[in-house]
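What follows is a set of notes on a single structure, which appears directly below.
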Amino acid sequence: MTKLPTTPSFRLDGRRALVTGASSGIGQGCAVALAEAGAHVVLAARGIDRLEETVEALRVQGHACEALALDVADVDAVQKAVGHHEPFEILVNSAGLAIHGPALETCTADFDAVMNVNLRGAYFLAQAVAQRLMAANKPGSLITISSQMAHVGGIDRSVYCASKFAVEGFTKAMAIEWGRSGIRINTICPTFVRTPLTEQTFDQPERVRWIEEKIKLGRTGVVEDIMGSVLYLASDASALVTGTALMVDGGWTAD
C-alpha cells in the first residue's frame with residue numbers, strides 16, 4: 001500500500017509564546033490564535049489594564065496565558081523579562097509605533113521614537129529570545145509583524161518605511177546566523193488593517209481612497225486576516241521557512 005505524506009500539525013501544545021503589543025489589534029489577535037492552538041501565551045504591552053482584560057477573556061475560554069507589563073523600547077527591561085521566564089519557543093513581536101508626516105517635516109524626536117520601538121526594540125527582543133533558546137538548546141520560531149511598507153514607499157511614511165525596511169534586513173541576517181540552531185525568524189507584512197494604531201489613517205477619506213485603489217482584493221484588512229498567518233509561521237507547518245516575509249497585503253505589492 002502506498003504510504004501517503006502526513007500534513008504537519010498546526011498545534012502548539014506544550015510550547016511557550018511571547019506576544020508583544022498584545023493588548024489590542026494585531027497583537028491581541030495573534031495571542032488569541034496561538035492560545036487557541038494550545039500554546040501557553042505571555043501577553044506583553046505597556047498598558048497593564050487592557051492587557052489584563054485580554055488575559056481574563058482568554059482564561060474564561062480555558063486558555064493558558066499571563067500578562068506582562070513591558071515596553072519593548074526599554075532594552076534592559078526586555079532582557080530582564082525574557083531572562084526571568086522559561087525560554088519562549090515562539091515570539092510574536094507586534095509592538096509598533098507609527099508617526100506619519102512629510103519627510104521634509106520629520107523631527108529627530110519622532111524619528112527616534114519610531115526607531116526605538118519598531119527597529120531597536122524588535123532587534124533586541126529577538127536577540128534576547130534567541131539567546132535563551134540557544135542556552136537551552138531549543139528550536140524556535142520568531143515572528144515580527146512588519147508591513148507591506150517594508151517593501152514599498154508610502155505617502156507621509158518615510159520614517160515608518162525606514163524602520164520596517166530595516167526589520168526585513170535584520171530578519172534575513174539573523175535567519176542565516178541562527179538557522180543551524182533550529183531557530184527560524186520571519187516577518188508578516190500586512191496591508192492596512194483596521195486597528196487602534198491605524199485610526200488616524202482611516203479618518204482621512206483621501207487616504208482611504210488611495211488604500212482601496214492599491215489593494216487588489218478590494219478591501220482593507222481585519223485582524224482575523226493575520227491570525228492564520230501567525231499560526232502557520234509559529235507551527236511545524238512552516239518548518240522549512242526562515243528569513244522571509246509573508247505578504248498579507250491583498251495584492252498591494254503585486255505591481
With side chain to side chain contact (heavy atoms under 4.5 Å, CB included) as the test, would you mind laying out the steps for R15 and H40 before giving the verdict?
CA-CA 6 Å; R15 302 184 196 181; H40 179 109; over 6 Å; no
[X] [atom1] to [Y] [atom2] distance, which is reported to the nearest 0.5 Å:
{"X": "F88", "Y": "K138", "atom1": "CZ", "atom2": "NZ", "result": "11.0 Å"}
{"X": "I143", "Y": "L231", "atom1": "CD1", "atom2": "CG", "result": "9.0 Å"}
{"X": "E52", "Y": "L68", "atom1": "CD", "atom2": "CG", "result": "11.0 Å"}
{"X": "R157", "Y": "K164", "atom1": "CZ", "atom2": "NZ", "result": "12.5 Å"}
{"X": "L125", "Y": "L142", "atom1": "CG", "atom2": "CG", "result": "8.5 Å"}
{"X": "H151", "Y": "C189", "atom1": "NE2", "atom2": "SG", "result": "3.5 Å"}

Side chains of S9 and D236, donor plus acceptor under 3.5 Å:
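No, no side-chain donor-acceptor pair sits under 3.5 Å.
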Is it the case that T253 and Q148 place a side-chain donor and acceptor less than 3.5 Å from each other?
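There is no such pair between these side chains.
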Which residues pass the ring-ring contact (aromatic ring centres under 6.0 Å, His included) test with Y123, not counting sequence neighbours?
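With neighbours one apart ignored, the set is F170.
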For W252, what residues pass the ring-ring contact (aromatic ring centres under 6.0 Å, His included) criterion, not counting sequence neighbours?
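W252 satisfies ring-ring contact (aromatic ring centres under 6.0 Å, His included) with F192, W210 only.
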Quick check: do [X] and [Y] have side-chain heavy atoms less than 4.5 Å from each other?
{"X": "V32", "Y": "L58", "answer": "yes"}
{"X": "V223", "Y": "Q28", "answer": "no"}
{"X": "S24", "Y": "T195", "answer": "no"}
{"X": "E66", "Y": "R59", "answer": "yes"}
{"X": "T220", "Y": "R194", "answer": "yes"}
{"X": "V230", "Y": "I188", "answer": "yes"}

Would you say CG of N137 has more than 12 non-hydrogen atoms from neighbouring residues, nucleotides or ligands within 6.0 angstrom?
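Incorrect, the count does not exceed 12.
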Are the side chain of [X] and the backbone N or O of [Y] linked by a donor-acceptor pair below 3.5 Å?
{"X": "N186", "Y": "A245", "result": "no"}
{"X": "T187", "Y": "T144", "result": "no"}
{"X": "R46", "Y": "G21", "result": "no"}
{"X": "T20", "Y": "S94", "result": "yes"}

Let me know which of [options] forms a side-chain contact (heavy atoms from CB on, under 4.5 Å) with [X].
{"X": "T242", "options": "I176, I185, L233", "result": "I185"}
{"X": "F111", "options": "N116, T106, I99", "result": "T106"}
{"X": "I183", "options": "E89, M134, M174", "result": "M134"}

Transitively linked via ILVMFWY side-chain contacts under 4.5 Å: [X] with [Y]?
{"X": "I90", "Y": "L51", "value": "yes"}
{"X": "V167", "Y": "M247", "value": "no"}
{"X": "I145", "Y": "V19", "value": "yes"}

Where is the tightest heavy-atom contact between [X] and [Y], given as atom of each residue plus distance?
{"X": "S238", "Y": "R184", "value": "O-NH1, 2.8 Å"}
{"X": "S23", "Y": "A45", "value": "OG-CB, 3.8 Å"}
{"X": "R11", "Y": "E36", "value": "NH1-O, 3.1 Å"}
{"X": "L91", "Y": "A126", "value": "CD2-CA, 4.0 Å"}
{"X": "A95", "Y": "N118", "value": "O-OD1, 4.4 Å"}

I'd like to know if D225 and R219 make a salt bridge, using a cut-off of under 4.0 Å between side-chain N and carboxylate O.
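Result for this pair is yes, salt bridge flagged.
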Side-chain ion pair, K216 and D249, N-O less than 4.0 Å
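Salt bridge absent between K216 and D249.
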In terms of ring plane angle, is the pair F10 and Y232 parallel, tilted or perpendicular, where the classes change at 30° and 60°?
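It falls in the tilted class, 30° to 60°.
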Between M227 and C30, is the side chain to side chain contact (heavy atoms under 4.5 Å, CB included) condition met? List the steps.
CA-CA 5 Å; M227 294 169 71; C30 290; 5.9 Å; no
Measure from NZ or CZ of R207 to the centre of the six-membered ring of F202 and say whether it is under 6.0 Å with the direction within 45° of the ring axis.
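No, R207 and F202 do not form such a contact.
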